Amino acid sequence: MLVREKKEKIHGLPDLENVEGKVVMRIAPGPSGPLHIGHTRVAILNDEYVKRYGGKLICRFEDTNPDKIEPDAYDMIKEDLEWLGVNIDEYAVQSERFQYYYDITRKLIEMGHGYMCTCDGDEWRKMKEEMRPCPCRDLPVKENLERFERFLAGGYGDGEAVAVIKTAIDHPNPAIRDFVALRLVRHPHPKTGTKYVAYPMMNLSVTIDDHLMGMTHVIRGKDHLNNTLRQEYIYDYLGWKKPVFHHYGLVNIPDTVLKTSLIKQSIRDGEYTGWDDVRTGTVRALRRRGIRPEAIRRYWVENGIKPIDIQFSWDNLFAMNRDLIDDKADRYFFVADPVRYDIEGGDDLKGRAPLHPDHPERGWREYHVGGYKTVYLSEADSLMFSQAGKVRLKDLCNISYGTPAVYDGNDVSILKEGVRAIQWVCGESVRAEVLMPDGTSVKGLVEKAILDGKGDMVQFERFGFVRVERRSPEGVICIFAHR
RNA sequence: GCUCAUGUAGUGUAGCGGCCAAUCAUUCGGCCCUUUCGAGGCCGACACCCGGGUUCGAAUCCCGGCAUGAGCACCA
């Protein structure tokens, strides 16, 4: 009883502060590509809290940097979220909301909290570093408003002007001093074309949308800590109520490719097969490898929302996934880099093995080696066999080394003496190829019973869990998940 | 350089003044079970960054140091 209570606590996320009834939360992906494993953390955490407290979860596409947008990403992200089991109540797109950003920036300028800067960008930054206001900062409101309208109308050339929010020019933290709110972009936007030239910077659009959409809690990465501090100026200027902010630590994800621009380039170059290439860490690649969304969820829930930086552990994720699939995955023998052995002696060789050792009721794989009595062993097991001299073909019989190999009875008890049981296939097997996460592939043979199998996750005994991508008598294509 | 954040086993986490000679998961090692190096069972290994202080008592509070990370973009 006591033990159970303790366990429940450990596996749960801590409560949020200041929850009054329902919550409104959001995830805000930039549509530059599909989601990768790193993005799933914020999605899962927000989803978990909305499910706990009730309320709504908004997915807001932050598409305010037109030259980084991948037009397909809007749909891909939506699919990824659905697959993850993240329940989105509303979708919003920032490129449809520019009017809000303009109206509120105008208001801030009117209030004297913003200005239009026409200084050279480098010089403006240099002055900020020295805590000196630029000449535009103290221009009269009227002049700033005129510049603002001219700015919206496209009356400035690229880089000639920006709208700036004032904070404290002498703020001890250089990252907080005056920040750009709107900039000029002439690059056409995939959704709005060249309709707008004035584009909001993230700190402006995020703040306005979070307020307008009624966000109660914002969970995001620690890299946004300073952005939060900047955004608080806007909340204060306008007398808006601030959401509760939470910043979780950064995640370092090893051994995979996550950078969207890099993946995109490799796809274009034909090196990667697509966004679901197994060498990448995209959600669709993990899905293709047979990682269950529940495993990803459990992983992030157990990681919590602490602000410390963490190291992502594939081992831990795989262990959670194994937990989920082990009971469902049927077992088959797969032989990598097959080496042929003929067996001399013994009579009509027959054997059978359960599809799953814990579930004999699911049925059996029947073996009838008979006839030529030809089997194939993996290259590694063949080598081991030659050194050990004796080996058990699991669920069939024992053999002694030689060419041909010699039938050596069917006494299972030799396993107790240290003889190894190995996997094998007979002549009636199917070609199989297993695509590995590093992009290589392992070719071999798999028992033909796999063709009648259902369910996409199977275990190749002593090889690992794989997802079956294609089943056909000509060959089976699998993706390696983990051991 | 400045500013901010954080420091519990290999990894992630619990604990947040006495119940902690520190939890759980994973990892690793051993044993049992098993015709898989899968699953299951049992046992074991590994940690409170350092130094001061407060206190009867500190992983827990305070200060300093150190370390790590982030930001200082007309990216998000």
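Worth saying up front: this structure is predicted, and the values here are computed from it rather than measured. Letters go in sequence order (proteins before strands), and every chain restarts at 1.
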How far does the [atom1] atom of [N] sit from the matching atom of [M], given to the nearest Å?
{"N": "B:A47", "M": "B:C31", "atom1": "C1'", "answer": "26 Å"}
{"N": "B:A5", "M": "B:G44", "atom1": "C1'", "answer": "38 Å"}
{"N": "B:C16", "M": "B:U27", "atom1": "P", "answer": "28 Å"}
{"N": "B:A14", "M": "B:C4", "atom1": "P", "answer": "26 Å"}
{"N": "B:G7", "M": "B:U60", "atom1": "C1'", "answer": "14 Å"}
{"N": "B:A9", "M": "B:C24", "atom1": "C1'", "answer": "13 Å"}
{"N": "B:C28", "M": "B:U11", "atom1": "P", "answer": "15 Å"}
{"N": "B:G12", "M": "B:C46", "atom1": "C1'", "answer": "15 Å"}

Could you state the [atom1]-[atom2] distance from [X] to [N], rounded to the nearest angstrom?
{"X": "A:Ile310", "N": "B:G69", "atom1": "CD1", "atom2": "P", "result": "15 Å"}
{"X": "A:Ile253", "N": "B:U11", "atom1": "CD1", "atom2": "C1'", "result": "14 Å"}
{"X": "A:Ile308", "N": "B:U11", "atom1": "CD1", "atom2": "P", "result": "11 Å"}
{"X": "A:Met131", "N": "B:U3", "atom1": "CE", "atom2": "C1'", "result": "10 Å"}
{"X": "A:Asp315", "N": "B:C28", "atom1": "CG", "atom2": "P", "result": "7 Å"}
{"X": "A:Leu13", "N": "B:G12", "atom1": "CG", "atom2": "P", "result": "17 Å"}
{"X": "A:Lys306", "N": "B:C24", "atom1": "NZ", "atom2": "C1'", "result": "13 Å"}
{"X": "A:Gln423", "N": "B:U34", "atom1": "CD", "atom2": "C1'", "result": "13 Å"}

query: When all nucleic acid strands are considered with a 4.0 Å heavy-atom cut-off, which category describes A:Arg60: base, sugar-phosphate, or nothing?
result: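 Result for A:Arg60 = nothing.
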message: Consider ring pair (Phe, Tyr, Trp, His ring centres under 6.0 Å). Of A:Phe460, A:Trp424, A:Tyr376, which one does A:Phe334 pass it with?
response: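 The ring pair (Phe, Tyr, Trp, His ring centres under 6.0 Å) with A:Phe334 is passed solely by A:Phe460 among A:Phe460, A:Trp424, A:Tyr376.
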Partners of [X] by side chain to side chain donor-acceptor pair (under 3.5 Å), sequence neighbours excluded?
{"X": "A:Arg292", "result": "none"}
{"X": "A:Arg322", "result": "none"}
{"X": "A:Lys222", "result": "A:Asp309"}

query: Reading nucleotides 70-76 of chain B from the 5' end, what letters show protein touch, with B for base, S for backbone sugar-phosphate only, - for no heavy atom under 4.0 Å?
result: SBBSBBB
Indicate whether the side chain of [X] and that of [Y] have a donor and an acceptor atom separated by less than 3.5 Å.
{"X": "A:Asp330", "Y": "A:His359", "value": "no"}
{"X": "A:Tyr299", "Y": "A:Asn321", "value": "no"}
{"X": "A:Asn227", "Y": "A:Arg230", "value": "yes"}
{"X": "A:Asp209", "Y": "A:Tyr100", "value": "no"}

Nearest-nucleotide 5' precedence on RNA chain B, A:Ala421 against A:Met320: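 Taking each residue's closest nucleotide, the earlier one in sequence belongs to A:Met320.
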- prompt: Does A:Leu393 or A:Asn303 map to a spot on RNA chain B nearer the 5' end, using the closest nucleotide for each?
  reply: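 Here A:Asn303 is the residue nearer the 5' end.
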query: Name the one of A:Lys166, A:His113, A:His171 that satisfies side chain to side chain contact (heavy atoms under 4.5 Å, CB included) with A:Tyr233?
result: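 Filter result, single survivor: A:His171.
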message: Parallel, tilted or perpendicular: which one describes the rings of A:Phe98 and A:Tyr196, with boundaries at 30° and 60°?
response: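 Tilted: the ring planes of A:Phe98 and A:Tyr196 meet at 30° to 60°.
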Candidate nucleotides [options], ranked by approach to the side chain of [X] - the nearest:
{"X": "A:Asn316", "options": "B:U6, B:G10, B:U35", "value": "B:G10"}
{"X": "A:Gln311", "options": "B:U26, B:U3, B:G12", "value": "B:G12"}
{"X": "A:Lys416", "options": "B:U11, B:U34, B:U3", "value": "B:U34"}

message: Could you check whether A:Phe318 and A:Phe465 have their ring centres less than 6.0 Å apart?
response: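 Centroid separation for A:Phe465 and A:Phe318: 6.0 Å or greater.
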query: Does a salt bridge link A:Arg297 with A:Asp47, judged by any charged N lying under 4.0 Å from a carboxylate O?
result: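 Salt bridge: yes.
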message: Dot-bracket for RNA chain B, please. Rules: Watson-Crick or G-U, both distances under 3.5 Å, ( ) within the strand, [ ] when a pair crosses earlier ones, | for another strand, . otherwise.
response: (((((((..(((.....[.....)))((((((.......))))))...(((((..]....))))))))))))....
Polar atom pairs between nucleotides 38-40 of chain B and protein, under 3.5 Å, N or O only, would you list them?
| unit_1 | atom_1 | unit_2 | atom_2 | d |
| --- | --- | --- | --- | --- |
| B:G38 | O4' | A:Gln459 | NE2 | 3.1 |
| B:G38 | O2' | A:Asp326 | OD1 | 3.1 |
| B:G38 | N2 | A:Asp358 | OD2 | 3.0 |
| B:G38 | N3 | A:Arg331 | NH2 | 3.3 |
| B:A39 | O4' | A:Asp326 | OD2 | 3.2 |

field: Row check, A:Phe179 ring normal vs A:Lys128 NZ/CZ: under 6.0 Å, within 45°
entry: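 No, A:Lys128 does not sit over the ring of A:Phe179.
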